[in-house]
Every structure is written in C-alpha cells, then in structure tokens.
Protein chains: 4
Amino acid sequence: MHFFSDNTTPVCPPVMAAIAAADHADHGYDGDAWSARLDGAFSTLFETEVRALWVATGTAANCIALATLCPPYGGILTHEEAHIVADECGAPGFFTHGATLMTLPGDGAKLTPDMVAGRLATIRGDVHQSPARAISITQATEYGRVYTPAEVAALGDLARAHGLGFHMDGARFANAIAHLGCAPADITWRAGVDALSFGCVKNGGMVGEALLFFGPQADARATEAKRWRKRSGHLFSKGRYLAAQILAMIEDDLWLANARAANAAAQALAQSVPTRLLHPVEANELFLRLSAREAAQLRAAGFDFYDWGEGAARLVTNWAQDAASVAPLAAALKALDP
Amino acid sequence: MHFFSDNTTPVCPPVMAAIAAADHADHGYDGDAWSARLDGAFSTLFETEVRALWVATGTAANCIALATLCPPYGGILTHEEAHIVADECGAPGFFTHGATLMTLPGDGAKLTPDMVAGRLATIRGDVHQSPARAISITQATEYGRVYTPAEVAALGDLARAHGLGFHMDGARFANAIAHLGCAPADITWRAGVDALSFGCVKNGGMVGEALLFFGPQADARATEAKRWRKRSGHLFSKGRYLAAQILAMIEDDLWLANARAANAAAQALAQSVPTRLLHPVEANELFLRLSAREAAQLRAAGFDFYDWGEGAARLVTNWAQDAASVAPLAAALKALDP
Amino acid sequence: MHFFSDNTTPVCPPVMAAIAAADHADHGYDGDAWSARLDGAFSTLFETEVRALWVATGTAANCIALATLCPPYGGILTHEEAHIVADECGAPGFFTHGATLMTLPGDGAKLTPDMVAGRLATIRGDVHQSPARAISITQATEYGRVYTPAEVAALGDLARAHGLGFHMDGARFANAIAHLGCAPADITWRAGVDALSFGCVKNGGMVGEALLFFGPQADARATEAKRWRKRSGHLFSKGRYLAAQILAMIEDDLWLANARAANAAAQALAQSVPTRLLHPVEANELFLRLSAREAAQLRAAGFDFYDWGEGAARLVTNWAQDAASVAPLAAALKALDP
Amino acid sequence: MHFFSDNTTPVCPPVMAAIAAADHADHGYDGDAWSARLDGAFSTLFETEVRALWVATGTAANCIALATLCPPYGGILTHEEAHIVADECGAPGFFTHGATLMTLPGDGAKLTPDMVAGRLATIRGDVHQSPARAISITQATEYGRVYTPAEVAALGDLARAHGLGFHMDGARFANAIAHLGCAPADITWRAGVDALSFGCVKNGGMVGEALLFFGPQADARATEAKRWRKRSGHLFSKGRYLAAQILAMIEDDLWLANARAANAAAQALAQSVPTRLLHPVEANELFLRLSAREAAQLRAAGFDFYDWGEGAARLVTNWAQDAASVAPLAAALKALDP
C-alpha cells in the first residue's frame with residue numbers, strides 16, 4: 001500500500017468519465033466549450049468573479065501567478081521550505097526572470113505576520129535592495145498544516161498595507177477546506193488572496209491544475225497570465241481535456257469529497273500514533289518519528305512511504321483511501337508502541 | 001465538418017484505451033513504468049540510442065530542445081514563417097533566455113542550404129554579433145511541404161560544418177514519414193538531426209508530445225532538458241498518463257496509420273482542385289486559392305476552415321478522416337470549377 | 001588618419017576639464033551633486049520635463065529603454081540593420097527577457113510609416129503571436145541618414161495610435177540635430193518619442209551615455225529604469241564622473257559644436273566624391289563605392305577605414321576634425337576620379 | 001570628514017595621470033593597446049596565466065563571473081549578507097537567468113567549510129532541487145573581515161570536491177592583501193579560486209573594475225564572459241580609458257599602497273575604541289557600538305558615516321587617508337569613553 005505521495009494514485013472515476021464525455025471534436029487551445037465554462041464554474045464556487053486558466057502542473061500555476069505579481073527586480077516573501085523554494089528547481093526564477101525568493105523560517109512551514117513584518121522592516125527603500133512585491137503561502141503547507149481564515153487574513157492585511165501581491169499555493173487546497181469546513185472564499189479573496197493555484201491532480205485528476213485570479217486586477221492579470229502560459233509551452237492543443245477534468249472536479253463537490261476521504265484516512269493513522277507526530281495532522285500528510293528498524297518493519301509488511309531525514313517518515317494519504325482502507329497501516333503503527 | 005486544424009479531432013481509440021490501461025497507482029513524475037519504457041521504444045523506432053522526454057506541448061518540446069542547443073547569446077537559423085517564429089508568442093526567447101531567431105525566407109516555409117550558407121557568411125566573428133549556434137526546420141513545414149532525406153542531410157552537413165545544433169520541429173513528423181515512406185532515422189539522425197519534437201497530439205493523442213535527442217550528446221542534452229522541463233513546469237505529477245499515450249502511438253505503428261489516413265484525405269481533396277493549390281500537397285494541409293464568395297459557399301454547406309489571407313484558405317485533414325470521409329468536401333470543391 | 005569610427009577619437013578638452021573639476025569627494029552612486037543636475041540640464045535643453053540617467057554605453061541606454069517600453073512577450077518594430085539588431089549580440093533579448101525584434105527593411109536603415117503600418121496589420125491579436133509594443137529608430141541611422149521632424153512625427157503618430165512605446169537610438173543624435181538645425185524637442189517628444197539614448201562618447205566624451213525619458217510616463221519609466229540600471233551593473237560607484245562629462249557636453253552646446261565639426265568634415269569628403277556615395281551624407285558617416293585597389297591606395301597614403309562589403313567602404317569623421325583637417329583625404333579621394 | 005564609503009573619495013593622482021596619458025586616438029572597444037596589456041599585467045601580478053576583462057562596476061564583475069560558473073538551474077552558495085545577496089537588487093538573478101542564491105549565516109559575513117558542507121549534504125540529487133554549482137565569497141567581507149589563505153583553500157577544496165566553481169568578490173581585495181601580506185596568488189588560484197572581481201574604484205580608480213579568470217578553464221570562461229559583457233552593455237566604446245586606470249593601479253603596486261593607507265587609518269580608529277568594535281578590524285571598515293547621542297555628537301563635530309541598525313555605526317576609511325589624517329576622529333572617538 002503506497003503512502004509515498006498523492007501523486008501515485010490513479011484518476012478518480014468521475015474525472016475519467018468526464019474525459020470520455022469530452023472526447024469530441026472542438027476548437028483547439030482554449031477555444032472550446034469546456035474551457036469557456038471555467039470562469040463561471042469557479043466564480044460560482046468562490047462566490048465572486050474569478051478568472052481561471054488550466055496549466056500542466058502546480059509548478060506552472062505557482063510560477064505564472066508569481067510572474068504576474070512580482071517584477072524581475074522584486075522579491076517574494078515565502079517560507080524557506082515552501083515548494084516554490086525547495087522543489088521546483090528554481091522555476092520561480094525562470095518565470096519571473098530572476099525575482100528574489102525572500103525566505104523565512106516558521107513552524108510547520110507556516111508564515112506568521114510577525115515574521116513577514118519583521119523582514120519587511122529590514123528592506124531599505126533604495127535601488128540597491130530588491131523591494132518585496134509579493135507573499136506566497138502554501139495551503140495546506142508542506143507539513144500538512146492549515147492556515148485558518150484569520151491567519152490568512154492577517155497576512156492579507158499585511159500584503160495590502162505594503163502593496164504586495166498575495167499568492168496561495170493550493171496544491172492541497174481541497175484538503176485545507178475539508179479540514180476547515182469554511183467557504184473557499186474565506187481563505188482566499190475574502191482574506192486578501194490575489195492568485196490561487198488550485199490543485200486537482202493530487203486530488204484525483206489526471207493532468208491539469210487551475211490557476212485562479214481574484215479581485216479588481218483579476219482580468220488584467222489573467223490576460224497577462226495567458227501570455228506566460230503560451231510562452232512557457234502550457235497552452236495545450238486540446239485544452240478541453242484539461243478543462244473537462246477540472247470541471248468534473250469542482251461541479252459536484254467531488255474535490256471536497258475526495259479531500260475528505262484523504263483527510264479521514266490521515267486522521268485514522270494519526271490517532272493510532274498520537275505521540276509520534278512531528279506536526280499536528282490537519283490535512284492528508286503525516287510526519288512521524290520512526291526509527292530505521294520500525295520503518296523497515298512497516299515496509300516489510302507492505303507499506304511504502306518516504307523517510308524524512310533520520311528517524312522520521314512522511315506518509316501521504318489520498319482520495320482513494322479512507323479510515324477503513326488504511327486500517328491495516330493504523331494497526332501496524334499502533335503495534336509499534338504496544 | 002471541421003478542417004480548421006488537426007487539433008480539433010478527438011483522441012483516437014487506442015490512445016484512450018492506453019490511458020485506461022495505465023490507470024493504476026505508480027510512482028509520480030517520470031518515475032513510473034510507462035515513462036521508463038520511452039527511451040527503449042523510441043530507440044527501436046529510430047534504430048539508434050535515443051533519449052526521450054514527454055512534455056505538454058509542441059512549443060515546450062521545440063523550446064526545450066533549442067535551449068539545449070543554443071546559448072542565450074547565440075542565434076538560431078530558421079524560416080521566417082516557422083511556428084517558433086510566428087506562433088509561439090516568443091517562447092524561444094523565453095526558454096533560451098533571449099537567443100536570436102535568425103529568420104530566412106524560402107518557398108513553402110522550407111530552408112535551403114544556399115540560404116543558410118549565405119546567411120552564415122554575413123555573420124562576423126566578433127563579439128558584437130550573435131554567432132549562429134543552431135538550425136531549426138519544420139517537417140512537414142507550415143505549408144505542408146516535406147523535406148526529402150537528401151534535403152535534410154544537406155542542412156545537416158552544413159550544421160556539422162559550422163558547429164551548429166540541428167533541431168526538427170516534427171509536429172507533423174508522422175505525416176512527413178507517411179509521405180516519404182522512409183525510415184524515421186533517414187530524416188533525423190542519419191541526416192544530422194540532434195533533437196526532434198515528435199508530435200502526437202495532432203495525430204490522435206490527448207496530451208503529451210515527445211522530445212527526442214540523438215547522437216553522442218543525446219544523454220547530456222536530455223539530462224539538461226530534464227532541468228528545463230522541471231523549471232518550466234512541465235514535469236507532470238502523473239507522467240504515466242502521458243507516457244502511455246506516446247507508447248500507444250508508436251508501439252503498433254498507430255502514428256503511421258493515423259498519418260496515412262490524414263494524408264490520404266488531403267490527397268483526395270487536392271486532386272479535386274489541382275489548379276487552385278498554392279503549395280504541393282505532401283502532408284495533411286492544403287492551401288487553396290478561394291474567393292470570399294466561394295469560401296462562404298463552402299461554409300454554408302457545412303465545411304469549416306480558416307481563411308489564409310485574402311483570397312486563400314487553409315484546410316487541415318486529420319487521423320479520423322480518409323479519402324472516403326472527405327468525399328463530400330472534395331465534391332464541393334470540384335463543383336467550384338465546373 | 002583614422003576614419004574607422006568616432007569611437008577612436010580622444011576625449012575633447014572641455015570634457016577632460018569637467019572630469020578634473022569633479023574630482024572631489026561626494027556621495028556614491030547617483031547621490032552626488034553632478035548627477036542631481038542632470039534632470040534639470042536636459043529639461044532645459046529639451047524645453048520640457050525630462051528624466052535623465054547615465055549608463056556605461058549606448059547598448060545599455062538602448063536596452064534599458066526598451067525594457068521599460070516592451071514586456072517580455074512583446075515585439076519591437078525596428079530596422080533590420082539597426083544597431084540593436086546587428087551589433088549588440090542580442091542585448092535587447094537579454095534586457096527585455098526575450099522580447100522579439102520585428103525587423104523591417106528600408107532604404108538607408110530608415111523605417112517608414114508605411115512599412116511599420118504594413119507589419120502591424122499582419123499581427124493577429126491572439127495569444128499565439130507577440131503583440132508589437134514599441135518602435136525603435138536610430139537618429140542618425142546606421143547609414144548616416146537623418147529623419148526629418150515630420151518623418152519622426154509620422155512614426156510617432158503611428159506609435160500613439162497603436163499604443164506603442166517609441167524609442168530613439170541617438171548614438172549620433174548630435175549629428176542629426178547639427179544637420180537639421182531644429183530644436184532637440186522637435187525630433188523627440190514633440191514628435192512622439194518616449195525615450196532617447198543621447199550619445200556622448202562618440203561625440204567627445206570618455207565614458208557615459210545619457211538615457212532620457214519624456215512625457216507623462218517619464219517619471220515612472222525612469223524609476224523602473226533605475227532598477228534595470230542597478231540590476232545590469234550600470235550603477236557606477238562614482239557616478240559623478242559620468243554626470244560631469246555629460247553636463248560638460250550639453251551645458252555650453254559643446255555637443256552641437258562637436259557634431260557640426262564632424263558633419264562639416266563629412267561634407268567636405270562627400271563633395272570630393274559625389275558620384276561614389278552610396279547614401280546621401282547627412283551626418284558624419286560616408287559610404288562609398290571603392291574598389292579593393294583604391295582602398296589599398298588610400299591606406300598606403302595613411303588613411304584608415306573599414307571595408308563595407310565588397311567594393312565599398314565606410315568612413316566616419318569625428319569632433320576633432322573639420323573640413324580643413326580632412327582636406328588631405330578629400331584630395332586623395334578626388335584624385336581617384338580624375 | 002567623510003567615512004560613508006570608499007566610493008566617496010576622489011580619484012588618486014596616478015590614475016588621473018594615466019587617463020591623461022591614454023588620451024590619444026586608438027581602436028574602439030577593447031581593441032586598443034591598453035586593453036591588450038591587461039592579461040599580461042595581471043598574469044605577472046598573480047604569477048600565473050590570467051584572463052582579464054574590464055567592466056563598469058563590481059556588480060557587473062560579480063555577476064558576469066557567476067554567469068560563467070553557474071547555469072540558470074543551479075545554485076550559488078554564499079553568505080546571507082554578501083553584497084550579491086543584499087545590495088545588487090537581484091543582479092545575479094538577472095545575469096544568471098534565475099540561478100538560486102543559497103544563503104548561509106556565519107560570523108563576520110564569512111562562510112565556513114562546515115556550513116557549506118552541511119548545506120551541500122541537504123541537497124538531493126534529483127531534478128526537483130537546484131544543484132549547487134558555485135561558491136561565492138567576499139574578500140575582505142562585508143564586515144571588513146579577511147579570510148586567511150588556509151580558510152580560502154579549505155573552501156576551494158570543498159568546491160573542487162563537489163565540482164563547484166569558486167568566485168571571490170574582491171571589491172576590497174587590495175585591503176585583504178594589505179592585511180595578510182601574502183601574494184595575491186595565495187588567496188586566489190592557489191586556494192582554488194576560479195574567478196575574481198578585482199576592485200579598483202573604491203581603492204582610487206574612477207570607473208572600471210577588473211574581472212579575472214584563473215586556471216585551465218580561464219580562456220573558455222573569459223571568452224564567454226566577453227559575450228555577457230557585450231550583452232549587458234559593458235563593452236565601452238573607449239575601453240582604453242578603463243584599461244589605463246586598471247594598469248596604473250596595478251603596475252606600480254599603487255593598489256597595495258592605497259590599501260595600506262586605508263587599512264592604517266582604520267587601525268588607528270580601531271585602537272581608539274577597542275571595546276566598541278563589533279567585528280575585528282582587518283581591512284578598512286569599522287563597525288562600532290555607538291548610541292544615537294554619540295553619533296549625533298560625532299556628526300556635529302564634522303564626521304560623517306552611516307548608522308548600522310540601532311546603536312551601531314559603520315565607518316569606512318579610504319586610500320586618501322592614513323593614521324595621521326584620521327587622528328581627529330580617533331581623538332573624538334576616544335573621548336566618548338573617557
């Protein structure tokens with residue numbers, strides 16, 4: 001049983017059905033009927049006017065968003081363990097033409113307003129230093145932590161006060177909403193977020209993530225983002241197959257149902273080893289203390305996952321699981337601490 | 001009946017079946033079993049050691065290839081109507097960090113060795129001028145013309161003599177091979193080509209094109225290309241779905257069967273209006289003299305296509321057609337010249 | 001006697017004196033008293049509010065200007081023999097992060113409104129093609145031709161009508177004004193020019209060219225240009241030595257006196273061989289028919305210059321010459337056609 | 001009396017004399033007699049084959065060096081307070097096309113081999129993370145600290161072991177050598193350094209810094225650097241005036257004499273307030289505890305300098321000073337702690 005990543009799961013059946021349903025002739029690129037429905041579908045979901053683009057990957061969504069929010073000479077305040085910092089091989093530098101990632105520490109890969117404000121205070125206004133122009137946070141974070149609406153709003157206030165764009169990497173946005181039980185609007189535009197990478201693939205899609213823009217500049221930014229999408233080779237010839245997947249994901253709350261399943265699986269595992277958790281489990285990732293011997297024992301029993309440095313492991317649950325299906329691992333984990 | 005572009009066609013059934021067959025859990029990115037078979041499958045097809053990567057689009061394949069062949073200060077010799085010049089919104093400038101497209105005229109969007117050699121002769125060797133570092137041709141060309149093996153080899157000789165990388169944009173490579181009846185090797189590495197954008201989507205795929213490297217530097221270039229692929233947001237989370245499509249396309253000569261069907265449809269149309277052709281029809285594109293009135297008449301009869309400037313039209317056939325299925329349009333065209 | 005280029009001349013004495021006069025302690029970068037006077041001095045000269053920056057070279061001035069006028073996905077309409085196209089090793093691509101140079105032919109390296117309008121008409125508005133965003137002309141051109149105020153204004157009208165920025169490469173701006181006898185304003189902001197590279201070094205300076213911005217966006221563009229200047233390594237530690245040179249050049253009309261001398265020398269040469277001229281002589285460059293034998297003969301007599309392809313030569317006069325001082329060459333030229 | 005920065009000083013007389021001596025006609029760019037002597041002069045000074053280029057500023061020297069050592073997808077290990085990180089407005093990102101600055105803490109802005117090795121150990125070898133490709137240190141550092149030859153060599157060993165390029169920002173290289181009393185070779189190529197930004201302007205020059213390459217790849221890197229120099233607008237039209245300054249600086253050990261004077265002045269000040277020093281004084285910079293009241297008192301007495309955060313100040317001495325000339329400030333400082 002795989003707990004490597006939610007990338008390893010197959011495509012969930014309604015998405016596969018949507019692909020089959022879209023398998024007709026239509027205009028190329030984003031000129032088709034499915035792509036035309038994206039803005040509307042996301043506007044409904046987020047209770048405001050939204051501009052939505054499909055792109056190939058979360059990296060593309062993140063970096064195109066950042067390119068619209070930050071000039072090449074600007075800086076992006078973000079956590080030092082953010083995906084854009086640690087796992088995109090410098091893609092933000094490529095898309096922004098060399099903007100600076102201004103990295104900050106913080107528990108659970110979460111930024112705090114204090115830290116952001118503190119860093120802003122150190123930047124001189126002269127031409128020798130890159131001015132901060134954007135904040136980027138990950139929701140849920142790289143350690144499976146979830147920002148509350150109030151926490152996001154506090155960063156949003158700071159962004160507005162300093163004229164910064166505000167981006168949210170939502171590769172696991174669905175898991176965050178499933179945890180919070182709030183409206184998607186509450187942790188995005190209502191909290192000051194300008195651009196959201198709305199993850200689909202980890203949550204049951206095949207290919208295609210959505211990049212959303214909110215607020216008064218949404219239209220201008222989306223127009224520019226379409227240029228970046230083309231220039232970076234992300235304007236698919238048959239975009240309808242991506243649009244159809246994304247629509248299937250959001251139109252019947254499939255995205256939430258899938259995320260709830262994954263979160264429930266994670267909770268079941270967490271409850272079996274509460275004293276080993278390195279971070280509170282709020283989404284679908286667990287970080288555990290686990291000795292090499294224990295890890296080997298679990299693997300021998302058929303459970304696969306990544307080590308997370310020495311004496312620790314990361315386990316990721318997914319949409320195809322739930323509390324029942326991960327019971328064997330929960331039992332095996334429990335058995336480690338008799 | 002659509003003749004806008006081969007982008008408008010649905011996915012061909014064997015590719016759809018391959019997607020379904022790949023719908024199992026596996027490692028993320030390109031760590032899966034399908035991606036692992038790409039090098040081997042293309043090596044067999046091209047009768048030499050090949051390195052193969054999937055990417056989202058032809059633009060990405062072209063531009064990642066160019067980024068491995070040309071430094072930012074270098075120049076790429078290409079036709080002034082090449083896709084990389086006219087239809088990628090400057091993507092080559094983005095991926096190569098500002099390399100110069102050195103554009104040349106030429107009938108049917110084909111480069112000739114004479115023109116290339118003539119241009120090379122005008123470049124001074126000093127630091128003030130960008131040195132040419134690569135040649136890029138399109139096979140079949142933007143006007144549906146096909147380079148013969150000898151024509152490619154003549155450009156390949158020139159490339160080798162001047163130390164230039166040689167790239168082929170093969171968005172319609174299959175149509176070219178279907179026309180020539182030669183081995184894929186004959187118009188690629190045997191003719192000096194270093195990198196090939198091997199098109200799948202126009203020819204029946206859903207998402208995913210292949211980028212191939214040949215020759216002694218194939219391995220080093222593919223290694224670097226994997227960095228560009230990641231940095232440009234093209235390392236899909238679930239790459240197996242792309243790999244499976246590409247494998248389905250090449251493993252039973254589906255690519256050739258599809259291209260032959262499209263070419264046959266184009267030939268049937270061409271034979272119905274031989275005196276109106278603006279370019280010889282060698283692949284699956286037709287460029288016709290057509291007055292506005294005639295165009296309107298055809299559209300009224302249910303045939304859709306793009307105007308190509310004043311008094312001309314472009315029609316593209318596809319894998320889902322053949323001579324029989326386009327007979328109604330052939331008849332309608334013939335009726336224009338009674 | 002050198003006629004290679006106006007780059008070969010020494011520094012003119014008033015500039016050298018200004019350097020000596022500036023040789024005191026002052027604040028670094030552009031925080032000094034000399035740099036602070038640039039805006040005012042150029043505002044006086046151009047009879048409008050001007051923002052002025054010093055940079056190292058004409059290439060830097062041109063490319064920083066273009067970076068403020070054109071986004072990475074945009075295009076710059078310019079002559080195919082413009083310095084930015086042919087002699088800057090792709091620097092515009094570097095500074096603009098890959099914008100496209102949309103090159104046009106034209107007699108004497110001059111753009112005409114018809115050609116520009118014709119090219120604009122071919123650009124589709126979709127995302128696949130780079131939109132034109134700027135025009136760049138050279139005054140005097142690479143062939144020593146001078147645009148009249150009416151000619152510049154016609155291009156300026158076109159720029160305004162299409163929302164394009166308008167840049168003038170004025171490496172030999174002084175020679176153009178000396179020829180036209182008009183106000184600097186007449187061929188710049190009054191004719192729609194937004195940014196001017198104001199050349200000093202060829203005209204008697206040592207190091208440092210001025211980049212000027214006009215019009216309602218001058219302030220915003222200059223502010224952004226200062227970021228590019230820093231990022232490209234052009235914010236000199238002791239900027240006062242550049243500012244002092246530029247001020248010396250413009251404050252007593254030294255720039256015009258120098259250019260008049262160079263132009264007069266060119267006219268004297270032109271009049272000696274009127275039938276050999278490949279282009280009308282309007283500034284300080286001559287392009288002559290000249291056989292290899294004739295060229296050798298002149299060189300043997302001590303006159304140095306560059307060949308300009310087969311059977312032609314380029315001669316450049318400079319501030320340190322005048323009609324009298326080039327009389328020996330005029331005589332030698334005349335003697336070729338007895 | 002200014003202690004803001006060594007940028008504020010005038011040009012030292014021998015450099016001014018060298019400029020005057022170079023004021024003759026010669027070939028443009030770097031085709032002149034002075035530029036031609038740079039390689040030889042630096043080869044003599046460094047006791048090995050050196051390739052040397054002049055550029056406008058230290059930022060340009062640093063960033064062109066880094067562009068030759070690190071690909072866009074690579075990372076550069078450096079101190080978090082290094083000039084390239086904190087004071088170049090992201091210029092390294094511009095010149096390297098988005099390479100990642102991998103910043104490390106460390107006393108006195110010095111890197112230690114342990115820290116570098118520790119950071120290297122955290123980088124996975126996969127395509128998701130930028131590989132380290134270069135180390136950059138500043139000698140003397142941003143806090144006026146000097147690396148010993150052994151310290152540099154330890155970093156050089158690490159660089160070699162990991163296949164990293166090794167760059168030294170020597171804006172105050174002269175002050176470091178004046179402090180160490182060793183041969184320039186001892187802290188550069190003999191210690192594994194591949195590229196050195198050799199500072200001249202702070203040490204008495206007017207415009208122009210030197211960028212040096214050492215070792216077996218020196219020639220190839222310098223050739224590539226010349227392309228970057230041109231593309232970034234740093235190929236001055238009259239390069240001879242820069243070359244002459246640099247030659248004047250090194251040919252009679254003027255650089256060392258100037259640095260010794262500045263260092264002596266700094267020592268004199270340091271000895272007047274030994275208990276207030278925040279860092280050992282090894283070059284020409286002092287960092288002092290100083291209350292706002294004390295700072296005001298010194299300024300009222302005619303001494304100017306920058307605050308360095310709360311309760312501290314930075315003072316920089318220069319070539320035009322020595323122990324005697326700064327005696328008034330030394331006395332004023334001493335008087336603060338009666």
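So you know, we letter chains A, B, ... as the sequences are listed, proteins then strands, and number each from 1.
When heavy atoms are compared at a cutoff of 4.5 Å, D/Phe4 approaches chain C solely by way of its side chain, counted from C-beta outward. When heavy atoms are compared at a cutoff of 4.5 Å, C/Cys63 does not approach chain D at all. If you measure heavy-atom distances from C/Leu235 to chain D, the contacts under 4.5 Å come from the backbone alone. With a 4.5 angstrom heavy-atom cutoff, C/Met16 touches chain D only via side-chain atoms.
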Using only distance, no hydrogens or angles, which N or O donor-acceptor pairs sit under 3.5 Å between chain D and chain C?
| unit_1 | atom_1 | unit_2 | atom_2 | d |
| --- | --- | --- | --- | --- |
| D/Asn7 | O | C/Arg240 | NH1 | 3.4 |
| D/Asn7 | OD1 | C/Ser237 | OG | 3.4 |
| D/Asn7 | ND2 | C/Tyr29 | OH | 3.2 |
| D/Thr8 | O | C/Asp26 | N | 3.1 |
| D/Thr8 | O | C/Arg240 | NH2 | 2.9 |
| D/Thr9 | O | C/Lys238 | NZ | 3.3 |
| D/Thr9 | O | C/Arg240 | NH2 | 2.7 |
| D/Val11 | N | C/Asp23 | OD1 | 2.8 |
| D/Val11 | N | C/Tyr241 | OH | 3.2 |
| D/Asp23 | OD1 | C/Val11 | N | 2.8 |
| D/Asp26 | N | C/Thr8 | O | 3.0 |
| D/Tyr29 | OH | C/Asn7 | ND2 | 3.2 |
| D/Thr57 | OG1 | C/Gly233 | O | 2.7 |
| D/Asp87 | O | C/Lys230 | NZ | 3.1 |
| D/Cys89 | O | C/Arg231 | NH1 | 3.0 |
| D/Gly90 | O | C/Arg231 | NH1 | 3.1 |
| D/Val201 | O | C/Lys238 | NZ | 2.8 |
| D/Gly205 | O | C/Lys238 | NZ | 2.8 |
| D/Lys230 | NZ | C/Asp87 | O | 3.1 |
| D/Arg231 | NH1 | C/Cys89 | O | 3.0 |
| D/Arg231 | NH1 | C/Gly90 | O | 3.1 |
| D/Ser232 | O | C/His234 | NE2 | 2.7 |
| D/Gly233 | O | C/Thr57 | OG1 | 2.7 |
| D/Gly233 | O | C/His234 | NE2 | 3.4 |
| D/His234 | NE2 | C/Ser232 | O | 2.7 |
| D/His234 | NE2 | C/Gly233 | O | 3.4 |
| D/His234 | NE2 | C/His234 | NE2 | 3.2 |
| D/Ser237 | OG | C/Asn7 | OD1 | 3.4 |
| D/Lys238 | NZ | C/Thr9 | O | 3.3 |
| D/Lys238 | NZ | C/Val201 | O | 2.8 |
| D/Lys238 | NZ | C/Gly205 | O | 2.7 |
| D/Arg240 | NH1 | C/Asn7 | O | 3.4 |
| D/Arg240 | NH2 | C/Thr8 | O | 2.9 |
| D/Arg240 | NH2 | C/Thr9 | O | 2.7 |
| D/Tyr241 | OH | C/Val11 | N | 3.2 |

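Using a 4.5 Å heavy-atom cutoff, the side chains of D/Met206 and C/Val207 are not in contact.
Scanning both residues, D/Pro10 and C/Ala25, for their nearest heavy atoms gives CD-N, 4.0 Å. C/Ala56 and D/Ala56 make their closest contact through CB-CB, 4.3 Å (heavy atoms, listed as atom of the first residue, atom of the second, distance).
Among C/Gly31, C/Gly28, C/Gly90, C/Pro92, the residue with the largest count of heavy-atom pairs under 4.5 Å with chain D is C/Gly90.
Applying the ring-ring contact (aromatic ring centres under 6.0 Å, His included) test to D/Phe95 and every residue at least two apart in sequence or in another chain returns C/Phe94.
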